[in-house]
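Before any comments, here is the structure.
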Amino acid sequence: MSKEKPSIPKGTRDFGPAVVVKRNYVFGVIRRTFEKFGYLPLETPAVEQLSVLTGKYGDEGDQLIFKILNSGDFLAKTKQADIDEGHKHLTRKVSEKALRYDLTVPFARYVVMNRNDITFPFKRYQIQPVWRADRPQKGRYREFYQCDADVVGTNSLLCEAEIVQMINEVLTKLGLTDFTIKINHRGILAGIAEAIGEKGREGDICVAIDKLDKIGKEGVRKELLERGISEKAVTKLEPLYSLEGSNKAVLDQLQTILGDTAEGQRGLKDLHEVWNYLSRLNSEALTAQNDSGNPRLLLDVTLARGLSYYTGCIFEVKVNNVSMGSISGGGRYDNLTRMFGLPGVSGVGFSFGVDRIYDVIEELQLFPDSSQVGTKALIVQFDRESELYALPVLQQLRDAGIASELYPEQAKLKKQMSYADQKSIPYVILIGSEEMASGKLKLRNMELGEQQDLTIDDIISQLK
RNA sequence: GUGGUUGUAGCUCAGUCGGUUAGAGCACCAGAUUGUGAUUCUGGGGGUCGUGGGUUCGAGCCCCAUCUUCCACCCCA
């Protein structure tokens with residue numbers, strides 16, 4: 001028998017008990033917020049038909065989908081000619097299923113398949129893992145959880161406003177104070193393209209100006225020219241990078257620049273509406289100040305986002321002063337269900353990246369002690385007699401709702417105490433011959449190192 | 001997919017120019033202490049140096065491949 005060193009695939013992780021407890025705390029905050037806003041849970045299979053996923057995320061995205069090899073003789077339907085046609089063609093022959101890449105597309109599929117049973121507007125949240133065949137790096141994993149909330153079947157911009165509200169609430173509850181919810185609108189981007197004389201080229205323009213933070217004005221200029229945008233247009237575009245002042249002031253300036261483009265008008269109207277809703281909701285995203293002095297909600301005309309299906313407002317959330325990419329993102333998509341044969345259903349949604357949020361909270365040391373759970377009391381036993389005596393005591397403790405355990409063997413006292421110590425169990429109950437004789441059990445407070453002789457009833461009322 | 005980086009005890013890491021038997025701290029186990037953890041003292045176990053090839057009298061160290069880690073790009077949560 002060969003010794004095999006076990007390992008897990010690149011970009012995947014095991015989560016030990018301490019980590020799972022903290023992750024569940026984050027999930028809990030998110031879940032409670034979603035439910036408070038009227039979203040209901042949905043789960044879909046990890047595996048989707050490959051055809052459901054392909055073509056929804058752009059060419060780059062298709063490359064990153066984990067495909068599943070057909071079972072059995074996966075080469076049965078393949079001929080030499082198929083191999084000669086290249087890997088993209090061959091993939092369809094040997095793979096019909098794939099791991100889901102996000103939660104939005106499976107949701108759209110679900111909506112289309114269940115259109116007659118769903119009451120619109122349909123609000124659902126979904127917390128499940130997704131898989132991407134990306135090369136791992138900081139904050140980027142091949143298996144990670146998304147927490148999505150989406151609503152389909154309404155064009156109301158109240159949904160966009162509520163997304164801002166939910167993001168603000170979740171991050172605040174998690175103890176984060178310095179974060180920026182960036183918002184933009186695909187209409188604004190299209191309007192800009194039109195206004196600078198490059199109508200229809202907003203795709204290329206977006207990809208380039210999205211990198212403004214990273215590569216600076218000159219870098220963006222170079223990339224735009226490489227992508228075939230005219231020099232005249234690039235020059236006209238540049239003032240937009242440095243739009244100054246409040247969100248309101250930026251909107252006013254955009255009005256001047258995009259005023260006579262239809263798409264620009266659509267974007268501006270939508271954004272105004274979102275601001276109106278938030279204002280009436282007395283949103284903290286408008287009133288609370290970041291450490292930098294900026295409001296949390298920030299109109300950023302350089303925000304583009306890669307996913308090709310967005311058509312209206314788009315969001316992205318960045319925690320400031322930590323080296324981590326966006327922890328949340330989303331937007332409105334008008335045509336996603338049309339790809340599955342159901343036109344005219346607009347949706348909007350967003351997603352929290354729990355793995356990144358976890359990394360940020362850990363880095364900022366914001367996990368509260370209360371997010372720890374575990375055994376409250378350990379019963380230590382000495383011999384067979386004390387073990388039998390301890391069993392009804394154990395049951396009484398559990399009936400009283402106290403998380404408790406009996407050490408399962410008659411190990412040395414030192415070993416049992418040390419077990420309690422390492423599991424951070426705050427109380428130990430000792431049951432030996434003296435205790436059995438008197439009926440008073442020894443309750444030891446492990447933190448203080450103090451112990452008292454108490455009846456089981458007194459112990460229960462003290463630990464409850 | 002492109003470029004770089006990392007891997008030595010359970011963990012964090014030393015390991016000189018390629019040269020004898022690969023080290024430390026922490027952790028673990030046992031004892032000091034037959035009814036008391038976390039502190040103290042004493043002792044102990046533990047390694048195919050990521051894996052597979054190659055160069056060499058000799059490889060943890062040099063070369064190639066591969067896996068993994070982390071980082072940047074592309075893209076994204």
Side-chain angles (χ1 to χ4, degrees), chain A residues 2-13 16 26 30 57-65 87 101-104 127-148 167 206-208 210-211 214-215 219 223 303-308 310 314-319 323-330 349-360 378 380-383 386 407 410-436 441-451 453:
Chain A
S2 68
K3 267 188 282 183
E4 182 189 322
K5 254 190 186 169
S7 64
I8 55 175
K10 190 198 297 204
T12 65
R13 297 148 302 155
V26 177
I30 292 171
Y57 310 108
D59 282 344
E60 293 271 0
D62 285 354
Q63 301 276 326
L64 299 178
I65 295 170
H87 74 277
Y101 177 89
D102 73 353
L103 301 177
T104 309
I127 299 178
Q128 289 190 279
V130 302
W131 294 268
R132 294 185 187 177
D134 225 351
R135 189 172 290 199
Q137 55 178 285
K138 177 153 192 168
R140 176 174 301 187
Y141 307 99
R142 288 185 144 185
E143 178 184 60
F144 62 97
Y145 268 76
Q146 288 195 328
C147 306
D148 271 41
I167 292 171
C206 284
V207 171
D210 194 42
K211 296 179 195 164
K214 267 187 202 165
I215 59 178
E223 175 143 359
L303 172 64
R305 291 191 59 74
L307 286 179
S308 48
Y310 292 124
I314 46 182
F315 305 96
E316 195 161 288
V317 182
K318 177 90 182 63
V319 177
S323 57
M324 178 63 72
S326 62
I327 57 166
S328 177
F350 75 112
S351 182
F352 286 114
V354 172
D355 304 82
R356 286 187 175 180
I357 291 174
Y358 180 96
D359 289 346
V360 167
L378 174 77
V380 163
Q381 60 164 313
F382 292 85
D383 47 31
S386 81
Y407 196 87
Q410 286 126 41
K412 282 186 183 169
L413 193 49
K414 182 185 171 101
K415 189 169 170 68
Q416 300 189 51
M417 298 293 287
S418 151
Y419 172 81
D421 187 46
Q422 285 179 16
K423 262 186 100 172
S424 298
I425 297 173
Y427 293 95
V428 165
I429 297 166
L430 293 101
I431 304 180
S433 52
E434 294 167 26
E435 288 79 12
M436 284 187 281
L441 312 182
K442 204 150 256 153
L443 178 68
R444 180 176 178 86
N445 180 320
M446 294 294 279
E447 198 192 342
L448 303 175
E450 294 166 353
Q451 46 196 43
D453 297 315

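By convention in this document, chain letters (A, B, ...) are assigned in the order of the sequence lines, proteins followed by strands, and residues within each chain are numbered from 1.
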> Name the stems with RNA chain B in them: runs of three or more consecutive Watson-Crick or G-U pairs, distances under 3.5 Å?
Replying inline: B:1-4 with B:70-73, B:10-13 with B:23-26, B:28-32 with B:40-44, B:50-54 with B:62-66
[X]: what forms a side chain to side chain contact (heavy atoms under 4.5 Å, CB included) with it, not counting sequence neighbours?
| X | result |
| --- | --- |
| A/Pro136 | A/Lys10, A/Arg142 |
| A/Ser351 | A/Gln146, A/Asp148 |
| A/Thr12 | A/Ile8, A/Pro9, A/Glu143 |
| A/Ser326 | A/Glu316, A/Arg356 |

>> Counting the atoms with a prime plus P, OP1 and OP2 as sugar-phosphate, which does A/Lys423 contact under 4.0 Å by heavy atoms, base, sugar-phosphate, or nothing?
In response: nothing
> Is any side-chain nitrogen or oxygen of A/Lys211 closer than 4.0 Å to OP1 or OP2 of B/rC73?
Replying inline: no
> Within the structure, does a side-chain N or O atom of A/Gln137 lie under 4.0 Å from either OP1 or OP2 of B/rC71?
Replying inline: no
Enumerate the protein-to-nucleotides 3-13 of chain B contacts in which both atoms are nitrogen or oxygen and the separation is below 3.5 Å.
from: B/rG3; atom 1: O6; to: A/Arg135; atom 2: NH1; distance (Å): 3.3

>> List the residues meeting ring-ring contact (aromatic ring centres under 6.0 Å, His included) with A/Tyr407, not counting sequence neighbours, and say none if there are none.
In response: A/Tyr419
>> If the condition is salt bridge (Lys or Arg N to Asp or Glu O under 4.0 Å), which residues does A/Arg13 pass it with, not counting sequence neighbours?
In response: A/Asp355
>> Run the salt bridge (Lys or Arg N to Asp or Glu O under 4.0 Å) test against A/Lys138 and tell me which residues pass, sequence neighbours left out.
In response: none
> Can you tell me how far P in B/rG53 sits from the matching atom in B/rC17, rounded to whole Å?
Replying inline: 29 Å
> Which pairs, with at least one residue in residues 418-436 of chain A and sequence neighbours excluded, count as a salt bridge (Lys or Arg N to Asp or Glu O under 4.0 Å)?
Replying inline: A/Glu405-A/Lys423, A/Glu435-A/Lys442
Could you list the protein-to-nucleotides 64-68 of chain B atom pairs, N/O on both sides, closer than 3.5 Å?
from: B/rU68; atom 1: OP2; to: A/Lys10; atom 2: NZ; distance (Å): 3.4

>> Walk along nucleotides 31-38 of chain B from 5' to 3' and tag each nucleotide B, S or - by protein heavy-atom contact under 4.0 Å, base first, then sugar-phosphate.
In response: S---BBBS
